[in-house]
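Can you read through this structure? Questions will come right after.
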Amino acid sequence: MDYNFKESEKKWQDYWRASKVYEVGIDHTKPKYYVLDMFPYPSGAGLHVGHPLGYIASDIYSRYKRMKGFNVLHPMGYDAYGLPAEQYAIQTGTHPAVTTAKNIERYREQLDKIGFSYDWSREVRTSEPEYYKWTQWTFIKLFHSWYNLDSNKAESIQKLQEIFASNGNTAVKASCSGTELFSAEQWNNMTENQQQEILMHYRLAYLADTMVNWCPALGTVLANDEVSEGYSVRGGHPVERKSMKQWLLRITAYAERLLTGLDQLDWSESLKDIQRNWIGRSEGGSLIFNVHDSSHRIEVFTTRPDTVFGATFMVLAPEHELVASLTTAAQAAEVDQYIQRTKNRSERERMAEVKKVSGVFTGSFAINPFTGNKIPVWIADYVLMGYGTGAIMAVPAHDSRDFAFARHFNLPVIQVVNRKGEQPTNPDEWEDSYDSKEGVMIQSGFITGLEVKAAISAVVAEAEQRNIGKGRVNYRLRDAIFSRQRYWGEPFPVYYRDNMPFTLPESDLPLELPPVDAYLPTQSGEPPLARAKNWKNTEGYPLETNTMPGFAGSSGYYLRYMDPRNTEAYFSKEANDYWQQVDLYVGGAEHATGHLIYARFWNMFLYDIGLACKEEPFKKLINQGMIQGRSSMVYRVNPEKAAEYMLWEELRDKRMGVAFEKEYRDGHRKFDFFSPDAGLIIEVKRQQALEKLATSYEEYAKAHGYRLLLIPLIDFVVDMDGIRARIRKAIAGEEVPAFVDKPGLGSFPVFASKNLPGREYYSDALHVDISLVHNDILDIEAFKKWQPHLANAQFLLEDGKYVCGWEVEKMSKSKYNVQNPDELIERYGADTLRMYEMFLGPIEQSKPWDTQGIEGVFRFIRRFWKLFHNENNEWIVNDEEPAASELKVLHRTIRKIEEDTERFSFNTAISAFMICVNELHELKCAKKAILEPLILLIAPFAPHLAEELWNLSGHQRSVVYESFPQWNKDYITESTFSYPVSFNGKTRFKLELPVNFDAKAVEKAVLASDECRKWLEGKTVRKVVVVPNRIINIVH
RNA sequence: GCCCGAGUGGUGGAAUUGGUAGACACGAAGGACUUAAAAUCCUUUGGCCAUUGCGGCCGUGCCGGUUCGAGUCCGGCCUCGGGUACCA
């Protein structure tokens, strides 16, 4: 008998729930600490062992911080809107709310079994009206806000209207999508609709015609981060480009703040890099080119204004607004055809054809404002409408795409940047453009001779002077498409009057999701909400039928946790002032360009309007690595290949006395084995095949004077000796029948153990369910019962066992490698699972799941228990005074656990626990003074075990209210240090010396030692390096 | 293509600031206890050579460099993983 984890874990989980141990509130007597896990979407498949990895880490840290005296907020809830439940609804008619509730219940059950310290009284679900009321409320606020670039923050639209009415928009610096200037008078003379249309260009939540990622299979548009390589991230369906009227969030207004804000965050550099790349800031300038014989002007964005003297043509995106006016009559047909062709091409096709150069001349010419030269204006789809101005000046000498284009269409190439100290070469002979980040300008008028950097500023200054351009910063980041043509999402608090959108009054919130008769788009292609009866506001105006995307509800949930039941506000100022922001956020790096940008934007907006007290939502962030699956493989034998392999092993290298050839060919005939010496053909086949072919084989053999052996496969299983005997006889020249009729092999699969020789040549690997495999040994009986066709499977074993192979790959049902935490908890307990997941390796690293190792942690848990109990499971803890050696073990462990926990190095912390327990067993220590602090130390990691032992020690109160032990330097300090002594860098022996010896004393002592003399025999010491309490290195 | 990150025993990994490479654990082999099994405990376990004892050499993806000393720093390359992709 030892630790009964099942009984104990249930008991303490019940106790925690009943006594509300983990509920927290505002407590000004303690410092706060907010630990958050990324919002899970409760999928139907439940949790596998990869999911709780981050939750366990954050739970350990939360419990640790709590024992360190912090008031720890550690909530959990659900991102409950999502495509899977809706897809299921479309298929089955089950309301997504039903599916979601069921999935949540299962999720909760699994989470509870792991022993987390969540304050469940704060749970939120994005699909609950009490929650999404505030998502809608934020949308209304966004709608009524614009971004003032002068104050660098969001401000109310009302204020903007006042400015327009008094001054027009000429002095307004805003992040907006329309640039027409107007005066106060013009503004005041506009109709309301005209004014609303203009305001739409300024709103932070706005409606616009835009190119969207349309996914026909899902029947909805997707945001950029929801698309990867032309396919939807969820479901992997193809995505097309399409122009549609959609709601967007003006996240680009915050691009600069989103970028610079990263510097203050304690996130991994790689994650910050992903966000930096996604935001994609580039500095440059915009230049205006006049069009020859026309009043049109083309504005381009370039990061290299210095190369303007090398601009030999221009290229516009096919969708560019000037294309129609610039196209000459002669070119109209060709241009039109090109536009049609590019329009009809899917995103996939476009991506696949990146290398193909295509484009068409508009017939117009622009004037290079610096050279005065006439340059042709082309259109081509390598220029994107969505970036910069949708037009470029092409500098083929220094840009590889422009270069390829110039070569393809025979356009001139002029070199304008030259590497220092080199002679310019003839661009006509170049194979590619010349990358010119550094160099000196040539053939460039007034900037000739300047270095690139200086030339850039000179051109920008000149352009500003001449009023034909200015310095400009551009971002790759796009505004976020906020409409989804789906049912299962937040309804927009928006109605339409004369096709103009208006927001509902706040008092009408929440606008609840209405019932519908089906979850599909309508016949006319409208979103599912168009099916809802009476989907109108109180005045009878139609409501918006799109719903919000998945990231709407997850963008501000961390704020709601601070005050989740507040019916008057998103959250109270008091709660926000106390909890401030998330101190530690744990989750996967896959959210880098989605949730983690949107949430930062959302929070910055709430900060601007005075609601959130911190500009950034997540101070520190840790990305847990993925847990990959470890698949087990069995090897199904291809019987014919196996027989051939086995026979070749008998025949090759003259093992039977004569030489054989494998796969002997004579014209179109092919035989498995042939011996010219013996004139013998051997053929291995299935019984049925032999019966059919025997005659033709015999005829051939007879015609050539060869003898023939036809061996049915069954013999390899039942009569290997018989085969050998027949071959020997045949070689010896005895008469043997070519073909012995045998009963058929029947159809049963044969599996070969992994390490059998030749196995890789004659078998195919198949996935086998990992529950049927223990320590890579297959449970043959269970395997036979696994699938009907395996019932009479045969096995080729090694040492009486079937050894499986393994592969590391994604955890998935189809690979039979999903490890479910419930099974492991059932077998080893939650504490073992918690510690094992942490023991696997560094939290941030991806690693394969391997159930084999869990036994080690399970043993450790029981060995820990046995420090307190004898072999009869009786309590043996005593009150004896601890010895110095025992105190040293304890305090060294406390220090190590504290240090490792602080830096989230949980795997090494668990090693330290193991070392400590091993040492205390060695010391046979059962002293209360040592073991009680140890219980506290392990409480964050193995909370159930800790509660049980703490209780058995005679304490009435839960261990979670105790303080983390403190280590005492005096117990750890050593008086001597065992120096590794090396010669020329090679460690040779160790020398124990007092720690307080300085370098000189150490040197003297080591040179005087016998060992040292032995190693130095006859050599002169050239140098002695001493690092006190580290190493000694003697150079000779 | 561009931007990151990582390569250490049969396996997961340790080595925190340039200072004893392989901690801790799994697996494996051998042994003790047991009628037997499970559980538990003990020993060995990077490779090669030597083995009568001592020991010796090599070794952190590859090549080179800096240093008394490199898994760690620098330069070049290879492989794998992640991000991104006509972004002007």
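We name chains A, B, ... by the order of the sequence lines, and we start the count at 1 in each one. From a predicted model like this one, the values you see are computed outputs, not experimental measurements.
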Measure from the side chain of A:Tyr382, starting at C-beta and using heavy atoms only, and say which of B:C86, B:A14, B:U84 lies closest. B:C86

Hey, is the side chain of A:Arg863 poking within less than 4.0 Å of OP1 or OP2 on B:C41, counting only N and O atoms? yes

With the side chain defined as heavy atoms from C-beta on, A:Tyr387 is closest, among B:A21, B:C68, B:C87, to B:C87

Would you indicate which nucleotide in B:U84, B:C86, B:A88 comes nearest to any side-chain atom of A:Ile392? B:A88

A:Arg1030 CZ to B:C68 C1': how many Å, rounded? 16 Å

B:A39 C1' sits how many Å from A:Glu871 CD, rounded? 14 Å

Tested for side-chain contact (heavy atoms from CB on, under 4.5 Å) against A:Ile1032, the lone hit among A:Val1027, A:Val1006, A:Val1025, A:Thr987 is A:Val1006

Name the nucleic acid region contacted by A:Ser282, choosing base, sugar-phosphate or nothing; use a 4.0 angstrom heavy-atom cut-off, strictly under. sugar-phosphate

Regarding A:Lys896, tell me which of base, sugar-phosphate or nothing describes its non-hydrogen contacts under 4.0 Å with the strands shown. base

Classify the angle between the aromatic ring planes of A:Phe906 and A:Phe904 as parallel (below 30°), tilted (30 to 60°) or perpendicular (above 60°). perpendicular

Between A:Asn907 and B:A14, is there a side-chain N or O to OP1/OP2 distance below 4.0 Å? yes

What distance, rounded to whole Å, do you find between the two P atoms, one in B:G46 and one in B:A36? 32 Å

Result for 5'-nearest mapping on RNA chain B, choosing between A:Pro848 and A:Asp399, is A:Pro848

Of B:C4, B:G12, B:A88, the nucleotide closest to the side chain of A:Asp273 is B:C4

Could you tell me whether B:G64 is syn or anti, where syn means a glycosidic angle within 90 degrees of zero? anti

Between A:Arg630 and A:Gln819, does any side-chain donor sit less than 3.5 Å from a side-chain acceptor? no

What is the distance, rounded to the nearest whole Å, between atom NE2 of A:His869 and atom C1' of B:U40? 17 Å

Scan A:Asn984 against the nucleic acid and name what it touches under 4.0 Å (heavy atoms): base, sugar-phosphate only, or nothing. nothing

Would you mind telling me which of B:G13, B:A88, B:U84 lies closest to the side-chain atoms of A:Lys847? B:G13

Between A:Tyr3 and the options A:Trp865, A:Phe864, A:Phe860, A:Tyr828, the ring pair (Phe, Tyr, Trp, His ring centres under 6.0 Å) test singles out A:Trp865

Minimum-distance nucleotide to A:Phe839 side chain [options: B:C68, B:A25, B:C87]: B:A25

Does a nitrogen or oxygen in the side chain of A:Arg862 sit under 4.0 Å from OP1 or OP2 of B:U40? yes

What is the nucleic acid contact for A:Val315, judged by heavy atoms within less than 4.0 Å: base, sugar-phosphate only, or nothing? nothing

Reckon A:Val1035 touches a base, only the sugar-phosphate, or nothing at all at heavy-atom distances under 4.0 Å? sugar-phosphate

Distance check: side-chain N/O of A:Asn623 vs OP1/OP2 of B:G82, anything under 4.0 Å? no

With the side chain of A:Thr303 defined as its heavy atoms from C-beta on, choose the nearest nucleotide among B:G13, B:A88, B:A23. B:A88

Restricting to non-hydrogen atoms, name the atom on A:Gln628 and the atom on A:Ser846 that form the minimum distance, rounded to 0.1 Å. OE1-C, 3.9 Å

Side chain of A:Arg478 (C-beta onward), nearest among B:U16, B:A25, B:C87: B:C87

Less than 4.0 angstrom between a side-chain N/O of A:Arg859 and OP1 or OP2 of B:C26, yes or no? yes

If you check every side-chain atom of A:Lys866, which of B:A25, B:U40, B:A23 has the closest atom? B:U40

Choosing from B:A23, B:C68, B:A14, which nucleotide comes nearest the side chain of A:Thr908? B:A14

Determine: side-chain N/O of A:Gln845 to OP1/OP2 of B:G13, distance under 4.0 Å, yes or no. yes

Decide if atom CD of A:Glu922 counts as having more than 12 heavy atoms of other residues, nucleotides or ligands within a radius under 6.0 Å. no

Please state whether the rings of A:Phe913 and A:Phe941 are parallel, tilted or perpendicular, taking 30° and 60° as the class boundaries. perpendicular

OP1 or OP2 of B:G12 versus the side-chain N and O atoms of A:Arg630: is any pair under 4.0 Å? no

Taking any heavy-atom pair under 4.0 Å as a contact, classify A:Lys986: base, sugar-phosphate, or nothing. sugar-phosphate

Expressed as a whole number of angstroms, how long is the span from A:Ile897:CD1 to B:C24:C1'? 12 Å

Using a 4.0 Å heavy-atom cut-off, does A:Ile274 contact any base of the nucleic acid, only the sugar-phosphate backbone, or nothing at all? sugar-phosphate

